[in-house]
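Heads up: the structure comes next, in structure tokens.
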Amino acid sequence: MPELPEVEVTRRSVAGGLLDARVLEVRMGLPLRWPLGREPHTLAGCVCGDIARRGKYLWLPLSRGVDESTEHLPGLPAKASTAAGGLLIHLGMSGALSFGQAPLQRAPHEHFRLVTDRGDLWLIDPRRFGAVVWSTAVDAGPAARLLGGLGLEPFDAAFTGAHLHAALQRRRVAVKTALLAGDIVVGAGNIYACEALFAAGIDPRTRSDAIGRLRAERLATAIRATLSKAVALGGSTLRDFRDAHGLAGAFQAEAAVYGRAGLPCLACATPIRRIVQAQRSTFFCPRCQRR
DNA sequence: CTGGGCTCCTGTCAGC
DNA sequence: TGCTGACAGGAGCCCA
């Protein structure tokens, strides 16, 4: 589910509540995609920093604090938490964060819970493709390994039509497959890649190295426009997605092609087609989108 | 190195 | 009503 807009909406909805919150306890449920990589109890006492986003990952910095829950002898100082680093969080296909109050009717799918003095943060993830991974720094250890291969942020000034064009020239896969790979530009998943290609008037089957400079420019603009509109609408809620306060997104109602197979194109009334590319559904208008 | 396919897991829905 | 198969927002990993 969660593509860049959903992850960004999630980030914004938890940032204020988590900042400066002191971790009291960490509870784990069923295994997620990867292990936490650290004993949960060693995180008690850490203080949450400003949560950041990189692609579809969230990075929650944790600074060293004092573990007040740890038993210690009278007269001796409270045991300092040994942890300093952060948590890299990915929502996978079906994940959502919830902050403050217990999520409703999700009990079997609560697989991670950060108990803090400002409220609790839950990861609800039925399919468990999501992950919460400890890393000593965002640019070291497991986080560096997972973030290392990512492409540019779509709103980074370096992500230009020229950059996209040059990157697409180096590939021979279909342009939609190249966008989904996430090593050129991050954030556009299956929904937004389809929508951006529609907005740019490009057939998703077009070989990436056949995209000219002008169309690459249009595609870069369309990716940014599609993603920013989706963020403004609170993301897309197809099934599971909610922000941390339980609010659903509204972009799904604005989708021009995604999930609209057989329905008339909003621009030309030609039936929207569904095909499969790299094991993922692709939706497009065969008339508005050209090779 | 590139590209294609498989895989993790649960839930939902269409069709019989 | 109940069973079966297809499909779902991601992306790392293995193989040719």
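Below, chains carry the letters A, B, ... as their sequence lines are ordered, and counting in each starts from 1. In this text the structure is predicted, and so the values were computed from the model without any measurement.
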Give me the other members of the hydrophobic cluster that [X] sits in, counting Ile, Leu, Val, Met, Phe, Trp and Tyr linked by side-chain heavy atoms under 4.5 Å, directly or via other members.
X        : answer
A/Leu266 : none
A/Leu247 : none
A/Tyr57  : A/Trp34, A/Trp59, A/Leu88, A/Val133, A/Val138, A/Leu146, A/Leu147, A/Leu150, A/Val186
A/Leu214 : none

Separation of the P atoms in C/dA11 and B/dC1, to the nearest angstrom: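 Going atom to atom, P in each nucleotide, I get 22 Å.
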Same-atom distance (P) from B/dC6 to C/dA6, integer angstrom: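 Comparing P positions in B/dC6 and C/dA6 gives a spacing of 13 Å.
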ILVMFWY network linking [X] to [Y], side-chain heavy atoms under 4.5 angstrom:
X        : Y        : result
A/Leu180 : A/Tyr258 : no
A/Ile275 : A/Phe283 : no
A/Leu233 : A/Phe155 : yes
A/Leu24  : A/Val47  : no

What contact category does A/Arg128 fall into here, base, sugar-phosphate, or nothing, at under 4.0 angstrom with non-hydrogen atoms?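 It contacts sugar-phosphate atoms only.
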Show me the pairs that pass salt bridge (charged side-chain N to carboxylate O under 4.0 Å, His left out) and involve residues 146-158 of chain A, at least two apart or across chains.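 Listed by first then second residue: A/Arg53-A/Glu153, A/Arg54-A/Glu153.
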Only counting residues at least two apart or in another chain, list the ones meeting salt bridge (Lys or Arg N to Asp or Glu O under 4.0 Å) with A/Arg260.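 Partners of A/Arg260 under the salt bridge (Lys or Arg N to Asp or Glu O under 4.0 Å) test: none.
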Taking only residues two or more places apart in sequence or in another chain, which ones pass side-chain contact (heavy atoms from CB on, under 4.5 Å) with A/Arg290?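 Expected list: A/Arg215, A/Arg287.
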Is A/Phe129 stacked against the base of C/dG10, taking the criterion as centroid distance under 5.5 angstrom and interplanar angle under 30°?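 Yes, aromatic ring over the base.
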Closest approach of A/Cys268 and A/Cys285, non-hydrogen atoms and distance?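 That would be SG-SG, 3.6 Å.
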Work out which heavy atom in A/Gly95 is nearest to a heavy atom in A/Asp125; give both atom names and the distance.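 Reported closest heavy-atom pair: N-OD1, 3.5 Å.
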Rounding to an integer number of Å, can you tell me how far [X] [atom1] sits from [N] [atom2]?
X        : N      : atom1 : atom2 : answer
A/Arg145 : C/dG12 : CZ    : C1'   : 11 Å
A/Asp125 : C/dG10 : CG    : C1'   : 11 Å
A/Asp240 : C/dG10 : CG    : P     : 13 Å

Under 4.0 Å, heavy atom to any atom of DNA chain C: which of residues 172-180 of chain A qualify?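 Under 4.0 Å from DNA chain C: no residue of residues 172-180 of chain A.
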Shorter than 3.5 Å, N or O on both sides, protein versus nucleotides 14-16 of chain C: list them out with atom names.
none

Just the endpoints, please: which first and last nucleotides of DNA chain B, 5' to 3', lie under 4.0 Å from a heavy atom of chain A?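 Under 4.0 Å from chain A, the extent on DNA chain B is B/dT2 to B/dT12.
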A/Tyr57 side chain N/O closer than 4.0 Å to the phosphate oxygens (OP1, OP2) of C/dG12?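 Result: yes.
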Evaluation steps, salt bridge (Lys or Arg N to Asp or Glu O under 4.0 Å), between A/Arg171 and A/Asp183: CA-CA 11 Å; A/Arg171 308 284 176 86; A/Asp183 52 357; 3.0 Å; yes
Test A/Lys176 against every option in A/Asn190, A/Thr206, A/Asp203 by the side-chain contact (heavy atoms from CB on, under 4.5 Å) rule and name the one that passes.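 Of the listed options, the one satisfying the test is A/Asn190.
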Side chains of A/Thr282 and A/Gln277: is there a donor and an acceptor less than 3.5 Å apart?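 Checked: A/Thr282/A/Gln277 side chains pair up, N/O donor to acceptor below 3.5 Å.
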Tell me, which stems hold DNA chain B, with a stem being 3 or more Watson-Crick or G-U pairs in a row and both distances under 3.5 Å?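 Stems (3+ consecutive pairs) listed as B:2-8 with C:10-16, B:10-16 with C:2-8.
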If a protein heavy atom is under 4.0 Å from the base, mark B; if only from the sugar-phosphate, S; if neither, -; do that for nucleotides 3-8 of chain C going 5' to 3'. -----B
